[in-house]
Undergrad: 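Below are the structure tokens for one structure; questions will follow.
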Amino acid sequence: MTVQVWHDSHNPYYRFPFGAAPAGSSVFLRLETDGQDLESLTVTLRVWQNGAGETIIPMVREGNGFTAVLPLPRTGCLLWYYFILEQQGRHWYYGNNAGQLGGRGQQWAEEPASYQITVFEKETHTPDWFKEAIVYQIFPDRFRRGRNTTATLTGKTGAVLHSDWNDRPAYWKDPATGDILYYDFFGGNLAGIREKFDYLKSLGVTALYLNPVFEAVSNHRYDTGDYHKIDPFLGTNEEFTRFCKAAGEAGLQVILDGVFSHTGADSRYFNKFGHYPETGAYQSPQSPYYSWYRFSHYPDDYEAWWGVKDLPNVDEMNPSYLNFIIREPHSVLKEWLKKGISGWRLDVIDELPEPFLQLFYHTLKKENPDAVLIGEVWEDASNKVS
């Protein structure tokens with residue numbers, strides 16, 4: 001009769017501490033049994049770390065279970081573990097459940113799904129204001145159309161404006177190519193959000209996360225046209241500065257959406273359609289922005305985000321791009337901090353190079369130790385590796 005065993009990574013009796021653990025510390029692990037035939041049972045803990053390989057740790061019998069103390073690396077990483085059991089010449093395993101959700105696991109006849117431990121750097125600190133923040137996400141065009149505004153609903157190529165706020169949203173695509181022909185706008189703006197500060201406070205909200213606000217062709221603005229300019233449909237840079245000041249006075253922090261893995265094709269930097277006065281990368285290899293992009297056959301064959309040609313990918317580690325986004329005194333990161341934001345949410349963070357993220361994080365913290373950095377990951381963010 002096979003002995004029954006179990007482990008629950010969500011229960012501190014079996015794993016302590018629960019969740020992520022600081023680098024250089026240790027994690028206690030327990031595998032409990034039903035107490036049957038323990039004299040003939042041996043258990044080992046198998047641990048895997050990318051780049052470092054496998055570690056096998058014998059577990060010590062304690063009561064009806066087996067325990068081990070796992071020392072953690074001194075740098076941040078992901079560790080993966082499962083248990084190997086041997087009894088009377090028979091080998092089997094205990095690992096994560098089939099859904100790989102953590103918690104109570106299951107026995108396996110073959111190598112199992114692993115449990116995961118996130119090891120974080122000790123100096124990493126979540127700002128106190130964010131630890132219990134109630135964050136309200138706003139899609140600016142669809143929140144509220146304010147009246148006392150600097151916004152101007154003119155000059156945007158391919159824009160369809162709704163006169164009635166209660167209209168049904170529309171989406172126009174070319175039936176032959178699938179390209180988007182027109183974006184519809186309801187005219188939500190910074191003034192509209194500001195008019196609702198009291199309402200948001202009444203909900204208990206303490207922070208506002210704004211979907212992209214920089215100039216762009218689309219209503220969603222993930223196709224950035226100018227990183228240093230608030231979209232005119234929302235207002236002006238000066239109004240945004242006043243917006244952040246008023247938000248702070250109301251007890252609201254402002255977090256901006258940073259889209260740095262790609263730009264818009266219709267942007268100051270790529271300028272595929274010639275709507276900007278500068279020479280864009282699409283127009284000439286002599287453009288100051290040419291090195292930001294990856295062309296296979298110039299100019300129409302270029303790397304794009306998930307193949308969407310309206311969103312040309314950038315080389316995030318290009319020195320010129322790093323300077324523009326992070327390093328320069330008036331970089332995108334620093335300039336908007338100066339205007340009053342309290343942090344950034346990075347779009348598709350799992351598609352950004354780790355050195356880019358490290359530089360962004362450390363520069364952000366140097367500029368404002370109390371600023372927050374949030375990353376977007378659609379899958380399980382605790383173990384996503386792209």
Undergrad: To the nearest 0.5 Å, what is the distance between OG1 (Thr363) and CG (Leu322)?
TA: 9.5 Å
Undergrad: Given Thr263, which of Tyr222, Tyr289, Trp292, Tyr293 fulfils the side-chain hydrogen bond (donor to acceptor under 3.5 Å, both in side chains) condition?
TA: Tyr293
Undergrad: Side chains of Asp300 and Tyr282 only: does a donor on one sit below 3.5 Å from an acceptor on the other?
TA: yes
Undergrad: Parallel, tilted or perpendicular: which fits the ring planes of Tyr227 and Phe260, with parallel below 30° and perpendicular above 60°?
TA: tilted
Undergrad: Quick one about Trp172 and Asp174 (side-chain donor to acceptor, distance below 3.5 Å, no hydrogens or angles considered), yes or no?
TA: no
Undergrad: How close do Tyr82 and Gly95 get, counting heavy atoms only, and between which atoms?
TA: CB-CA, 4.1 Å
Undergrad: I'd like to know if Asp128 and Lys131 make a salt bridge, using a cut-off of under 4.0 Å between side-chain N and carboxylate O.
TA: yes
Undergrad: Please work out which of the three classes, parallel, tilted or perpendicular, describes the rings of Phe214 and Trp336, given edges at 30° and 60°.
TA: tilted
Undergrad: Using every non-hydrogen atom in the two residues, find where Ile230 and Gly235 come nearest and quote the distance to one decimal.
TA: CG2-O, 3.7 Å
Undergrad: Salt-bridge test for Lys245 and Glu249: reply yes if a basic N is under 4.0 Å from a carboxylate O, no otherwise.
TA: yes
Undergrad: For residues Pro127 and Ala371, report the shortest heavy-atom separation together with the two atoms involved.
TA: CG-O, 3.3 Å
Undergrad: Can you see whether Gln4 engages Asp34 through a side-chain donor-acceptor pair at a distance of less than 3.5 angstrom?
TA: no
Undergrad: If you measure from NE2 on His220 to CG on Asp141, what distance do you get to the nearest 0.5 Å?
TA: 11.5 Å
Undergrad: NZ of Lys334 to CG of Leu337: how many Å apart, nearest 0.5 Å?
TA: 10.0 Å
Undergrad: How long is the straight-line distance from CZ of Phe143 back to CG of Asn189, given to the nearest 0.5 Å?
TA: 11.0 Å
Undergrad: Salt bridge or not for Asp184 and Arg142, using N-O below 4.0 Å?
TA: yes
Undergrad: So Tyr94 and His7, would you call those rings parallel, tilted or perpendicular, with 30° and 60° as cut-offs?
TA: perpendicular
Undergrad: In terms of side-chain geometry, is the basic nitrogen of Arg345 or Asp347 positioned less than 4.0 Å from the acidic oxygen of its partner?
TA: yes
Undergrad: Aromatic ring centroids of Phe83 and Phe66 under 6.0 Å?
TA: no
Undergrad: Could you label the plane-to-plane angle of the Phe295 and Tyr298 rings as parallel, tilted or perpendicular, counting under 30° as parallel and over 60° as perpendicular?
TA: perpendicular
Undergrad: Quick check on the 6.0 Å ring-centre criterion: do Phe243 and Phe197 meet it?
TA: yes
Undergrad: If you compare all heavy atoms of Leu45 against all heavy atoms of Met59, which two are closest, and at what distance to 0.1 Å?
TA: N-CG, 3.9 Å
Undergrad: With a 4.0 Å cut-off on N to O distance, would you call Asp179 and Lys309 a salt bridge?
TA: no
Undergrad: Does the pair Arg104/Asp8 count as a salt bridge with the N-to-O cut at 4.0 Å?
TA: no
